[in-house]
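Protein chains get the first letters and strands the later ones, always in sequence-line order, with residue 1 at the start of each. Just so you know, these numbers come straight off a predicted model, no measurement behind them.
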12 protein chains.
Amino acid sequence: MTAETARPLARYSAFQRRGDFIFLSGVIAVDPTAGLIIRGFDDLPKGAGRTIGQTGEFPVDMKDGPILAQSRFRLDRIRATMEKAGCLMANVFKLVQYFRDLDHSPRYNTVRRRVFPDTPPVSTVVEASAMMPSRDILIEVEATTWLPVRP
Amino acid sequence: MTAETARPLARYSAFQRRGDFIFLSGVIAVDPTAGLIIRGFDDLPKGAGRTIGQTGEFPVDMKDGPILAQSRFRLDRIRATMEKAGCLMANVFKLVQYFRDLDHSPRYNTVRRRVFPDTPPVSTVVEASAMMPSRDILIEVEATTWLPVRP
Amino acid sequence: MTAETARPLARYSAFQRRGDFIFLSGVIAVDPTAGLIIRGFDDLPKGAGRTIGQTGEFPVDMKDGPILAQSRFRLDRIRATMEKAGCLMANVFKLVQYFRDLDHSPRYNTVRRRVFPDTPPVSTVVEASAMMPSRDILIEVEATTWLPVRP
Amino acid sequence: MTAETARPLARYSAFQRRGDFIFLSGVIAVDPTAGLIIRGFDDLPKGAGRTIGQTGEFPVDMKDGPILAQSRFRLDRIRATMEKAGCLMANVFKLVQYFRDLDHSPRYNTVRRRVFPDTPPVSTVVEASAMMPSRDILIEVEATTWLPVRP
Amino acid sequence: MTAETARPLARYSAFQRRGDFIFLSGVIAVDPTAGLIIRGFDDLPKGAGRTIGQTGEFPVDMKDGPILAQSRFRLDRIRATMEKAGCLMANVFKLVQYFRDLDHSPRYNTVRRRVFPDTPPVSTVVEASAMMPSRDILIEVEATTWLPVRP
Amino acid sequence: MTAETARPLARYSAFQRRGDFIFLSGVIAVDPTAGLIIRGFDDLPKGAGRTIGQTGEFPVDMKDGPILAQSRFRLDRIRATMEKAGCLMANVFKLVQYFRDLDHSPRYNTVRRRVFPDTPPVSTVVEASAMMPSRDILIEVEATTWLPVRP
Amino acid sequence: MTAETARPLARYSAFQRRGDFIFLSGVIAVDPTAGLIIRGFDDLPKGAGRTIGQTGEFPVDMKDGPILAQSRFRLDRIRATMEKAGCLMANVFKLVQYFRDLDHSPRYNTVRRRVFPDTPPVSTVVEASAMMPSRDILIEVEATTWLPVRP
Amino acid sequence: MTAETARPLARYSAFQRRGDFIFLSGVIAVDPTAGLIIRGFDDLPKGAGRTIGQTGEFPVDMKDGPILAQSRFRLDRIRATMEKAGCLMANVFKLVQYFRDLDHSPRYNTVRRRVFPDTPPVSTVVEASAMMPSRDILIEVEATTWLPVRP
Amino acid sequence: MTAETARPLARYSAFQRRGDFIFLSGVIAVDPTAGLIIRGFDDLPKGAGRTIGQTGEFPVDMKDGPILAQSRFRLDRIRATMEKAGCLMANVFKLVQYFRDLDHSPRYNTVRRRVFPDTPPVSTVVEASAMMPSRDILIEVEATTWLPVRP
Amino acid sequence: MTAETARPLARYSAFQRRGDFIFLSGVIAVDPTAGLIIRGFDDLPKGAGRTIGQTGEFPVDMKDGPILAQSRFRLDRIRATMEKAGCLMANVFKLVQYFRDLDHSPRYNTVRRRVFPDTPPVSTVVEASAMMPSRDILIEVEATTWLPVRP
Amino acid sequence: MTAETARPLARYSAFQRRGDFIFLSGVIAVDPTAGLIIRGFDDLPKGAGRTIGQTGEFPVDMKDGPILAQSRFRLDRIRATMEKAGCLMANVFKLVQYFRDLDHSPRYNTVRRRVFPDTPPVSTVVEASAMMPSRDILIEVEATTWLPVRP
Amino acid sequence: MTAETARPLARYSAFQRRGDFIFLSGVIAVDPTAGLIIRGFDDLPKGAGRTIGQTGEFPVDMKDGPILAQSRFRLDRIRATMEKAGCLMANVFKLVQYFRDLDHSPRYNTVRRRVFPDTPPVSTVVEASAMMPSRDILIEVEATTWLPVRP
C-alpha cells in the first residue's frame with residue numbers, strides 16, 4: 001500500500017494555512033485508503049524496508065519492523081500532505097513527536113536523519129500512554145511548516 | 001454553574017495575541033468561579049445534558065456523563081475566552097487534545113462535531129497519563145486561533 | 001556545572017526563527033557540556049539551591065531537590081537559548097509543560113513564578129509517561145517566543 | 001457473514017423448552033459457520049453498521065465498533081435461535097448480561113433499545129473478568145423466554 | 001432516603017410475572033428517587049444502622065458501613081418490588097448474589113439471616129469484577145419468586 | 001472422602017422445588033462432611049483420578065489435578081443433591097458455570113462430556129474473579145432441573 | 001493448642017521491666033510451643049471460636065476466621081506474658097496495632113472490646129505491608145504496661 | 001470546622017498519664033465533632049490555609065492542600081488533647097509519624113517547623129500502606145509527652 | 001566513612017532524656033557527615049565487611065551487601081548516639097525495627113546477635129512500604145534506653 | 001503449511017555436529033518458509049489437529065489449540081532438522097524446554113509422549129518470561145543428539 | 001524423608017550416558033517417593049538443618065528455610081543419581097542453575113560451597129519466572145558429568 | 001577498563017575442558033578487575049563505542065548504549081577466556097543467550113554479526129526475568145567450544 005493521499009481519517013483537516021504558516025494535524029501510520037495500521041515492513045511498498053534497516057532475519061525484523069515501518073510511512077504521509085499544501089519537507093521547521101515507548105526513539109531517529117539531512121527542525125519528544133486509534137500506533141508526529149505567501 | 005468567565009485558574013494567561021494569532025492556554029472542565037471540576041450532567045446548565053446525549057437512564061448517564069459534560073463545558077469555556085479575545089469559534093484552526101483515556105474520544109467527537117460543522121481545525125490527539133489538577137479531568141484542549149489584525 | 005550553552009543534545013535545532021516567532025525545542029534538565037542529567041541541588045551552581053527552596057535538611061532536600069533543581073536548570077537553559085536567539089525571557093508567550101508526575105507541579109510553580117513575575121505566558125500542562133532520555137527527567141518545557149523583526 | 005444459524009459452538013444445546021419456558025444458552029458474538037469472533041463493523045452484513053452508530057470516521061469506528069457490532073450480532077443470533085424454537089424476540093422476558101468492561105454498556109444499550117421498544121425484560125448486568133473463548137468477547141447474554149404451550 | 005419505590009433505573013422492568021413465577025431484575029443499592037448510591041449508614045433511614053451492626057465508632061462504621069448499608073437497602077428494595085408484584089419476601093426461593101469483593105460476604109450474611117429466618121432460598125454467590133453503575137456498588141442480587149396464580 | 005451428602009455449607013437450601021422445576025444452589029468442590037476444599041486427585045475416592053485424566057506423572061497431575069478433581073467432585077455433589085430431590089442427572093437442562101480461570105474450561109469439559117453423553121443442557125460460561133470461600137475454588141456450577149410433578 | 005507459655009520466638013525478650021513500666025515485644029498469633037501460625041478457629045482451644053463470632057457456616061467462618069482467631073490468640077498471649085511479668089491485662093495502657101489489611105480492623109475490635117471493657121488504652125493503628133514471619137500474620141500488637149514497683 | 005475537642009473516634013483513650021509521662025493515641029486529621037476527614041484548605045478554619053502555604057492558585061492548592069491541611073489540623077488536635085491533659089506542645093518530646101506517601105513529608109515539615117521552633121522532639125518517620133479509617137488519611141502522628149507530677 | 005557523629009539529618013533531636021529514659025529518633029544508614037546512604041560493604045570502614053559476612057564473591061556480596069552494611073552502620077550510629085547521651089548499648093531495652101522487605105531480616109539478625117549477646121531487648125518487627133529519604137533505605141531502627149539518673 | 005525445511009530464521013545454524021554429538025539451536029513454532037507463527041490447529045497440515053487432541057468444539061480448541069499445535073509443529077521441525085543432519089528422533093537424548101506459561105506443560109506432554117514412546121531423553125523444564133520473536137511463542141525446545149561417527 | 005532414590009517424576013530419564021558424558025535432567029527439590037515438595041528444614045532428615053544454617057529462631061528459619069532446605073535436598077538428589085550412574089559428585093563439571101528469585105542465590109551458595117570445596121564446575125545462573133510443578137520450587141539445577149569410559 | 005582477564009566473579013570456574021570440548025560459564029558484562037557492571041559506551045575502551053553503533057547524540061546513545069556496550073564487552077570477555085583456554089572465537093559452536101528484555105536482541109545481533117561473520121554457532125535465545133548480580137545486567141551468554149585434543 002502507499003501513502004500518497006493524505007486525507008484525514010476523521011472529521012479534522014489534514015492541514016490549514018494561516019498567514020505564512022501551514023499547520024498539520026498529528027500524523028500516524030495509518031493507510032488512509034485501506035484504513036489499515038502499518039505493522040511492519042510488509043505494509044510498506046516493496047523494497048522500502050531494506051532502505052530503513054530491514055535485515056532479512058525474521059525475529060530481528062519482527063522486533064524492529066513496527067517502529068521502523070511506521071516511522072517511514074508516517075514521514076511519507078507528511079511529505080504527501082505538504083505537497084498537497086504546496087510546500088516541501090524542507091519547509092518543516094518544528095516537530096512534536098509522541099512515542100508510545102521512548103525505547104523506540106533510536107530506531108525512529110535513523111529514519112528521520114535521512115529526511116532532514118541539513119538543518120533539522122526544532123523538536124519536542126514525549127511518551128504518551130496511547131495514541132488513536134489503538135495501541136498498535138507507536139508514534140504520532142505533529143509538523144509545522146513555514147512558507148511565506150509570495151506577494 | 002456557568003462557563004461564562006474564562007480567567008485562568010492559576011498564574012498563567014488565558015490567552016495571548018501575537019501578531020495575527022491568538023494562543024490559548026490548555027483548557028480543562030473546571031468552573032473558574034466555583035473552582036469545581038465538572039463531573040457529570042448535573043454540573044452543566046439545566047437542560048444542556050439533553051442536547052449532548054443524556055438519556056435519562058441513571059446508569060448509562062453515570063457512565064457517559066463525565067466525558068460528555070466535560071467536553072461541552074470545556075468548549076463553552078474556549079468560546080468564552082475567544083469572545084473576550086474578540087474572535088469567534090470559527091477562528092480556531094488548530095486543536096491539541098489530551099485525553100486521560102482515548103476510549104472517551106468517540107463521546108467527545110459527538111460534541112465537537114456540532115461546534116465545527118464546516119471546515120474542522122487541524123487536530124492532534126494523544127493520551128496523557130494525567131492532567132491538572134486531578135485524575136477527574138478527562139480531557140484538556142489547547143486551541144489556537146487566527147484573526148488578522150485589521151489595518 | 002552551568003547551563004550557559006544551549007546546543008541541542010541530538011540532531012535537532014535548539015531554536016528556529018520563522019517570521020516574528022522564535023520556536024524552541026523542548027528543553028530538559030541535561031547539562032549540554034557534560035551530558036549529565038540534573039538530579040538535585042548539588043548539580044546546580046553553588047548557592048543556587050538556597051534561592052529555590054533548599055532547606056539544608058537532608059531528607060527534605062532529597063525529596064524536593066530533583067524537581068526544584070530541574071525546574072531551575074531548565075529555565076536557565078531556555079534563557080540561554082533565548083539570548084543566543086537575540087531575545088529575552090519576557091518574550092516567551094507560550095509554554096507547554098510535560099511532567100512525569102503532576103504532583104511535582106507545585107514545586108515547579110514556585111520556581112516559574114520568579115521568572116515571569118508580570119504577565120505570565122499561556123500555558124498547557126500535561127503528564128507524560130516518560131521523557132527523553134530516561135525516567136530521571138521530571139519535566140520538559142517547550143517555549144515559544146515572539147519578537148517582531150525590526151523593519 | 002451472517003448470524004442466521006444458531007447451532008451451539010460446543011457440546012451444549014442452543015435452547016431447551018421446559019414447560020412454558022424456553023431457556024437459551026449464553027450467546028456470544030461468534031459466527032457459528034465461520035467460527036470467527038465479531039471484531040467490528042466489517043464483520044457485520046453490509047450496511048448494518050450504519051444502523052447502529054457507525055460514523056465513517058476511522059478512529060471513532062475503531063473504538064466503538066467492537067462493542068456495537070458484537071451487540072448487534074449477538075442479538076441477531078438470539079433472534080435466530082428463537083425462531084428456531086418457534087417464538088419471537090418479544091417473548092424474551094429476562095436477560096442476564098455479562099460485560100468484560102461495563103464502560104461498554106451505554107453502547108450496548110443503544111442497540112438493545114431498538115430490539116425491545118415496548119416492555120423491556122427484567123435484566124441483570126455484571127462485569128465478568130472474561131468470557132469464552134477469548135478476551136475479544138466483550139459481552140455474553142443469557143436470555144429466557146416464555147411461550148405457553150398451546151393446549 | 002427510603003427504598004419504598006422500586007422503579008427500574010434504566011430501560012428494563014423491575015419484575016415480570018410468567019406463569020407462577022415472578023422474576024426480578026438484579027437489584028443494587030441505589031435510591032431510585034434521588035438517583036444516589038448508598039454509601040454508608042447515613043444513607044439509611046434514621047436508626048436503621050443500629051439494627052444491622054452500626055457501632056457508633058467512626059472508623060469501624062466507616063469500614064463496615066458501606067456493605068452493611070447496601071445489604072439492608074437492597075433487601076428493602078427487593079421487598080418493595082415484591083409487594084408491588086403482590087407477593088412476600090417468603091416467596092423468594094432463589095438468589096444469585098454478585099459481590100465486588102467476597103470478603104464482604106460475612107457482613108451481608110448477618111443482614112440476610114434476619115430476612116430469611118426459616119427455610120432459606122437456594123443461593124449462588126460469585127465475585128464480579130464490577131457492577132453498574134460504578135465501583136461503589138458492592139453487591140447486586142437477583143431474586144426469583146414463586147407464587148402460584150390462584151385459580 | 002466422598003460427596004454422598006449434599007447439605008449446604010451455610011444458611012441456604014441445597015435445592016428447592018417450585019412447580020415442575022427443581023432449582024439448585026451453586027455447587028463448589030467442598031466436602032460437606034469434612035469441610036475441606038478439593039485440591040487434587042488425592043482428595044477423590046481412590047481410583048477416581050484415573051477415570052478423569054490422572055497420568056501418574058507427578059508434575060503433570062499437579063498442574064491438571066485441581067480442576068479435574070473439582071470438576072468430578074462437583075458433578076458428583078450435584079448428582080447426590082438430585083437423588084435427594086428425587087430426580088436424575090438427565091433431568092438437568094440448564095447449567096451456569098463460573099470459572100476462576102477460563103483456561104481451565106477444556107479440562108472441565110472432558111469431565112462433563114461423560115456426564116451428559118446425549119442431549120447436553122443449555123449452558124452459560126463466564127469467568128468470575130473469585131468464588132466462595134477462597135481462591136482455591138476453581139469452578140462453581142448452578143444447575144436447574146425439570147421433572148414434572150406426576151399428577 | 002494453647003497460648004499459655006509466652007517465650008519469644010527468636011532472640012529477643014518477651015518483656016522487660018524498666019522502672020514502673022513493663023514493655024512487651026510485638027506479639028503475633030504464633031503458637032510458641034508448636035511453632036505454628038494460627039490460621040482459623042480450628043487452631044484455637046475447643047469452643048473458643050463460638051465466643052468470638054464463629055457462625056458454624058463454613059464459608060463465612062473461612063472468611064472471618066483467620067483475623068478473629070488471631071485476634072483472640074494474640075490477646076491470650078499478651079495476657080500470659082503479663083502474668084509472667086506479674087501484672088494484669090488492666091495494666092495495659094498503650095497499644096500499637098499493625099494490620100496487614102485494615103479492613104480486618106472491625107473484626108479485631110469485637111474481640112478487643114471484651115478484653116478492655118472499661119477504660120481502654122491509648123491506641124495507634126496502622127497498616128504494615130507485612131509482619132514476621134510470613135504473610136499469614138494478619139496483625140501484630142505491641143503492648144505497654146504500667147505497674148508501679150511497690151516500695 | 002474546628003479541632004477544639006479531642007475525644008477519641010472509637011473505643012480507645014485520647015491520652016493516658018502514667019507516672020510523669022502522658023501518652024497519646026495516634027492522631028489523624030478527622031474532625032471529631034462532624035466525623036469528617038480533612039481533605040483540603042476548605043476544611044480548615046477560615047484564613048488558616050494562607051498561614052501554611054495556600055497560594056490561591058486552584059490547581060496548586062488542590063495538589064498540596066490535602067497534606068498541608070491535614071498536617072495543620074492534626075497538630076491542632078494534638079495541642080487540644082494536650083491542653084485537656086494539662087500540658088503544652090513544648091512538652092512533646094517524641095513523635096512517631098506514619099505517612100501514606102513519604103513524598104508528602106517536605107510539606108508536613110513546613111508545618112511542623114512552626115510548632116517546634118526550638119528543641120525538636122525525637123522523631124521516627126515511616127511510610128505505612130494505609131491508616132484508619134480510609135486511604136484519604138495521609139498522615140498519623142503518635143506523640144509522647146513528659147510533664148513531671150508536681151510533688 | 002565512619003558513623004562516629006550522630007547529629008540528626010533534619011530538624012529533629014537525635015535523643016532526648018526524660019526521667020530515667022533516653023529516647024532515640026529512628027536511625028537509618030545515612031552517613032551524617034557526607035549525607036550519603038550506605039549501599040554496600042564499600043561504604044563501611046575498611047575490613048568491616050569481613051566481620052559481618054562479606055564473602056569476596058562479587059555477585060553474592062552485591063546481593064547481601066546492602067542489608068548487611070546498613071545493619072552494621074546503623075547499629076554503629078545508635079552506639080555513637082548512646083555514648084553522646086552517656087550510656088551504653090547494653091542500656092537499650094527496646095527496639096522497633098522497620099524493614100522495607102522482611103526477607104532481609106535474617107541478614108540483619110546475624111549482625112544484631114553480636115551487639116546483644118546477652119539479654120536481648122524487647123523487639124517489634126514490621127515491614128514498612130518505605131522509609132526516608134529514599135527506597136535505598138532498607139531498615140530503620142528506633143531504640144529506647146534506660147539509665148536511671150544517679151541520685 | 002508444512003515444517004519440512006528447517007533453515008534457521010536468522011543468522012545462526014540449525015545444527016552443528018561436533019564429534020559424536022549433533023547440537024541443535026532452540027526451535028520455535030515458526031514456519032520457516034512463510035515466516036508465520038503457528039497459532040492453532042488451522043496452521044497445521046490438514047487432519048493433524050485430530051491426532052493431537054482437537055475436539056471440534058470451537059471454544060475448547062481455541063483454548064488448547066495454540067500450545068498443542070506449537071508442540072506438534074516444533075517437534076516436526078526438530079525431526080526435519082535431524083533428518084537433514086542424518087539422524088533420527090530416537091537419537092535425541094537431551095531436551096531443554098522453555099515455556100512461556102508452565103500451565104501449558106500437560107498439553108505439551110501429551111504430544112511429546114508419542115514422539116518418545118520408549119526411553120525418554122533427559123529433560124529440563126523452566127518458564128521463561130518470553131521467547132523470540134514475540135509473546136505468541138509458547139514454547140522453545142533445545143535438543144541434543146548423539147550419533148557416533150562410524151569409523 | 002530421604003532423597004536416596006532418584007527416579008524421575010514424569011516421563012523423562014534421570015540421566016543418560018553418551019560417550020564419556022553423563023547428562024542429568026534438571027533436578028528440583030521434590031521427594032520422589034512421597035511426591036512432596038521440600039518446603040523447609042522439617043522436610044530434611046533430622047539434624048540436617050543445623051548443618052546448613054538453621055538457627056532455631058522460628059521467624060529466621062521460616063524465611064531462610066525453604067531455599068536452604070531445597071538447596072541441600074536437591075544436591076543430595078544429584079549425588080544419588082550420580083551414584084546410580086556410577087560416578088561421583090566430583091565428576092560434575094557443569095551446572096545450569098535456575099532460581100525463581102535471585103535474592104536466594106547467596107543462601108544456595110553457602111550450601112554449594114561445601115559440595116565442591118575444590119575446583120568448582122562451570123556455572124550459569126539465571127532467574128526463571130517459574131519451574132515445575134509449582135511456584136514453591138525455588139531452584140532447579142541441571143548438572144553435566146564427565147567420566148571417561150574405561151577401555 | 002578492559003576485559004582482558006577472565007577470572008570468575010565467584011566460586012565457579014571460567015571454563016573447563018572435558019574431552020574435546022571446552023565449556024564456559026555464563027558470561028555477563030562485569031569488569032572482573034574493578035567489579036563494576038558495564039552500563040554504557042563510557043565503560044568501554046575509548047573509541048570502541050563508535051565501532052558498534054554509538055551516534056554521539058546523547059539521548060540516542062543513552063537508550064541503545066547499555067545493551068550495545070554489554071554485548072561488546074561480554075563477547076570480549078568470552079574471547080579472553082577462550083584464549084586462556086587455548087582456542088579461538090571460531091571454535092565456539094553453541095551459544096545460549098539470556099536477555100532481560102528480548103527487545104534488546106536486534107542491538108545485540110548487530111554486535112554478534114561481526115564476531116561470527118562465517119558459519120554462526122547454534123543458538124538458543126530466551127528471556128530470563130533476571131540475571132546475577134542485579135537488574136542492570138541485560139544479557140548473559142553461555143558458550144561452548146570444540147577443539148579436539150591433538151594426539
Side-chain angles (χ1 to χ4, degrees), chain A residues 6-30 32 37 74 77-78 81-82 84-85 87 92 94-102 124-146 148-149, chain B residues 17-24 26 71 75 87 90-131 135 137-151:
Chain A
R7 62 178 169 88
L9 298 161
R11 283 186 54 81
Y12 58 85
S13 301
F15 66 92
Q16 294 270 15
R17 175 181 271 273
R18 286 296 181 278
D20 295 341
F21 292 89
I22 299 107
F23 296 85
L24 277 79
S25 286
V27 176
I28 52 172
V30 173
I37 295 169
R74 204 183 25 67
R77 280 201 62 211
I78 291 178
T81 302
M82 301 237 151
K84 217 166 158 185
C87 59
V92 173
K94 179 177 185 236
L95 293 174
V96 182
Q97 283 126 138
Y98 303 95
F99 288 84
R100 194 163 68 65
D101 180 350
L102 282 175
T124 294
V125 173
V126 291
E127 191 179 290
S129 47
M131 270 87 72
M132 285 294 280
S134 84
R135 285 189 63 76
D136 288 322
I137 298 298
L138 304 177
I139 180 167
E140 175 166 1
V141 175
E142 182 196 290
T144 315
T145 307
W146 188 73
V149 183
Chain B
R17 175 181 270 273
R18 286 295 181 279
D20 295 342
F21 293 89
I22 298 106
F23 297 84
L24 278 78
S71 297
L75 288 169
C87 60
N91 298 121
V92 173
F93 70 91
K94 179 175 185 237
L95 294 174
V96 182
Q97 283 126 137
Y98 304 95
F99 287 83
R100 194 162 66 66
D101 180 351
L102 282 174
D103 290 346
H104 293 149
S105 61
R107 305 292 78 67
Y108 163 75
N109 272 22
T110 63
V111 176
R112 195 184 65 168
R113 236 175 257 140
R114 296 171 207 183
V115 178
F116 302 104
D118 306 319
T119 315
V122 299
S123 171
T124 294
V125 173
V126 290
E127 190 179 292
S129 46
M131 269 87 72
R135 285 189 64 75
I137 297 297
L138 304 178
I139 180 168
E140 174 167 0
V141 175
E142 181 197 290
T144 316
T145 308
W146 188 73
L147 184 67
V149 182
R150 262 144 300 185

(Q) The criterion is ring pair (Phe, Tyr, Trp, His ring centres under 6.0 Å); which residues satisfy it with A/Tyr98, sequence neighbours excluded? (A) none
Q) With sequence neighbours excluded, what pairs up with A/Thr145 under the side chain to side chain contact (heavy atoms under 4.5 Å, CB included) test? A) A/Ile22, A/Leu24, A/Met82, A/Cys87, A/Asn91, A/Val92
Q) What distance do A/Phe21 atom CZ and B/Lys94 atom NZ have between them, rounded to the nearest 0.5 Å? A) 11.5 Å
Q) Given a strict heavy-atom distance threshold of 4.5 Å, which part of A/Gln16 is in contact with chain B: side chain, backbone, both, or neither? A) both
Q) Between A/Ser129 and B/Ser129, which heavy-atom pair has the shortest distance, and what is it? A) OG-N, 3.9 Å
Q. Looking at CZ of A/Phe23 and CG of B/Leu95, how far apart are the two atoms once the value is rounded to the nearest 0.5 Å?
A. 12.5 Å
(Q) Quick check for you: to the nearest 0.5 Å, what is the distance between A/Arg135 atom CZ and B/Glu127 atom CD? (A) 8.0 Å
Q.
Between A/Ser25 and B/Ser123 (side chain of the first, backbone of the second, donor and acceptor by atom type, cut-off under 3.5 Å), is there such a pair?
A. yes
Q: Heavy-atom pairs under 4.5 Å with chain A are the metric here; pick the option from B/Leu102, B/Thr119, B/Thr144 that has the most.
A: B/Leu102
Q | Side chain proximity check, A/Arg18 to B/Asp20, heavy atoms < 4.5 angstrom | A | no
